[in-house]
Peer 1: 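Before I ask anything, here is the structure I am working with.
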Amino acid sequence: MSEQKTQFNLVQLGNVANTCTCFNLRKATRVVTQIFDEQLKPSGLLITQFTILVAIAQTGSGTINDLAARLVMDRTTLTRNLKPLEREGLVIIQPGEDRRIRVVSLTAKGRDALATALPLWEQAQASVINRLGKQQWSSLLMALSNTVSLAQEI
């Protein structure tokens, strides 16, 4: 059996690498995630966990569906990300009035973890703003907000 070698147009691949919105957003988020994760290390939280705790704290408690919508996450991905937080005793997931609904709340340990992480997050946020410059950071934040709004309309 002869092996066929698939040929790629290197110019086209370069165009993907240079202009693909998703490819470039994911690269940017990986870099920013590394900055925040490093700064949050003393808290024991990753930025992904921190943002989930923030969203729960903002609402007091809420269903997984509502939380997923707030975070613009797939419900199954959120459920998977909540498991370690539940194991660590940072959140509690209980059945709602309708047994098919799950309600997520912060525990006292979760509130303490969030309180510990907040000043570390502030340092990471300041670092990113300083690196980008306030004007570029503000423009980026606006562009990201517009992108999320656009994506939610689709």
Peer 1: Could you grab the distance from atom NZ of Lys83 to atom CG of Leu78, nearest 0.5 Å is fine?
Peer 2: 10.5 Å
Peer 1: Within a 6.0 Å radius of atom CD on Glu86, are there more than 12 heavy atoms belonging to other residues, nucleotides or ligands?
Peer 2: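 Atom CD in Glu86 is crowded, with more than 12 foreign heavy atoms closer than 6.0 Å.
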Peer 1: How close do Leu90 and Ala113 get, heavy atom to heavy atom, and via which atoms?
Peer 2: CD2-CB, 3.9 Å
Peer 1: Any side-chain heavy atom of Thr33 sitting closer than 4.5 Å to one from Arg30?
Peer 2: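 When only atoms from C-beta onward are counted, Arg30 and Thr33 do not touch, as no gap falls below 4.5 Å.
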Peer 1: Could you list all the side-chain hydrogen bond (donor to acceptor under 3.5 Å, both in side chains) pairs where at least one residue sits in residues 129-139, not counting sequence neighbours?
Peer 2: Ser127-Arg131
Peer 1: Looking at every heavy atom in both Leu40 and Leu45, which two are closest together, and how far apart are they?
Peer 2: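 Reported closest heavy-atom pair: CB-O, 3.4 Å.
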Peer 1: Rounded to the nearest 0.5 Å, what separation is found between the CG atom of Leu114 and the CG atom of Leu106?
Peer 2: 6.5 Å
Peer 1: Quick one: closest heavy-atom pair of Val104 and Leu82, and the distance?
Peer 2: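 Looking at all heavy atoms of both residues, the shortest contact is CG2-CD1, 3.9 Å.
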Peer 1: Show me the donor-acceptor pairs within less than 3.5 Å that the side chains of residues 15-23 make with the rest of the protein, sequence neighbours left out.
Peer 2:
residue: Asn15; atom: OD1; partner: Thr19; partner atom: OG1; Å: 3.4
residue: Asn18; atom: ND2; partner: Gly14; partner atom: O; Å: 3.1
residue: Thr19; atom: OG1; partner: Asn15; partner atom: O; Å: 2.6

Peer 1: Sequence neighbours excluded, which residues qualify as side chain to side chain donor-acceptor pair (under 3.5 Å) partners of Thr76?
Peer 2: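 Scan of Thr76 (side chain to side chain donor-acceptor pair (under 3.5 Å), adjacent residues dropped) gives Asp74.
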Peer 1: In terms of hydrophobic clustering (I, L, V, M, F, W, Y; side-chain heavy atoms under 4.5 Å; direct or indirect links), are Leu118 and Leu85 co-clustered?
Peer 2: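 In one cluster with Leu118: Leu85, yes.
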Peer 1: What residue pairs, at least two apart or across chains, pass side-chain hydrogen bond (donor to acceptor under 3.5 Å, both in side chains) with a residue in residues 103-116?
Peer 2: none
Peer 1: Is there a path of hydrophobic side-chain contacts, each under 4.5 Å between heavy atoms, that joins Leu140 and Ile129?
Peer 2: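 Yes, because Leu140 and Ile129 connect within a single hydrophobic cluster, where side-chain heavy atoms sit under 4.5 Å apart.
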Peer 1: Donor-acceptor check, side chain of Asp37 to backbone of Leu46, threshold 3.5 angstrom: yes or no?
Peer 2: no
Peer 1: Can you tell which of Glu122, Gln123, Gln34 makes a side-chain hydrogen bond (donor to acceptor under 3.5 Å, both in side chains) with Gln39?
Peer 2: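 The option that passes is Gln123.
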Peer 1: For a quick test of your reading: what N or O donor-acceptor pairs under 3.5 Å do the side chains of residues 58-73 make, sequence neighbours left out?
Peer 2:
residue: Gln58; atom: OE1; partner: Arg70; partner atom: NE; Å: 3.3
residue: Gln58; atom: OE1; partner: Arg70; partner atom: NH2; Å: 2.9
residue: Thr59; atom: OG1; partner: Ala55; partner atom: O; Å: 3.4
residue: Thr59; atom: OG1; partner: Ile56; partner atom: O; Å: 3.1
residue: Thr63; atom: OG1; partner: Asp66; partner atom: N; Å: 3.0
residue: Thr63; atom: OG1; partner: Asp66; partner atom: OD2; Å: 3.2
residue: Asn65; atom: OD1; partner: Arg75; partner atom: NE; Å: 2.7

Peer 1: Any side-chain to backbone donor/acceptor pair from Thr29 onto Arg26? Under 3.5 Å, distance only.
Peer 2: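 Confirmed, Thr29 side chain pairs with Arg26 backbone.
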Peer 1: According to a 4.5 Å side-chain heavy-atom criterion applied to Ile, Leu, Val, Met, Phe, Trp and Tyr, with indirect links allowed, do Ile47 and Ile35 form part of one hydrophobic cluster?
Peer 2: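 Yes, Ile47 connects to Ile35 through the hydrophobic network.
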Peer 1: Between Phe36 and Trp121, how do the two ring planes meet: parallel, tilted or perpendicular, split at 30° and 60°?
Peer 2: tilted
Peer 1: Would you say Val128 ends up clustered with Leu141 if hydrophobic residues are merged whenever their side chains have heavy atoms under 4.5 Å apart, either directly or through other cluster members?
Peer 2: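 They do share one cluster, since a chain of ILVMFWY contacts under 4.5 Å joins Leu141 to Val128.
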Peer 1: If the condition is salt bridge (Lys or Arg N to Asp or Glu O under 4.0 Å), which residues does Glu38 pass it with, not counting sequence neighbours?
Peer 2: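 Applying salt bridge (Lys or Arg N to Asp or Glu O under 4.0 Å) to Glu38 gives Lys41.
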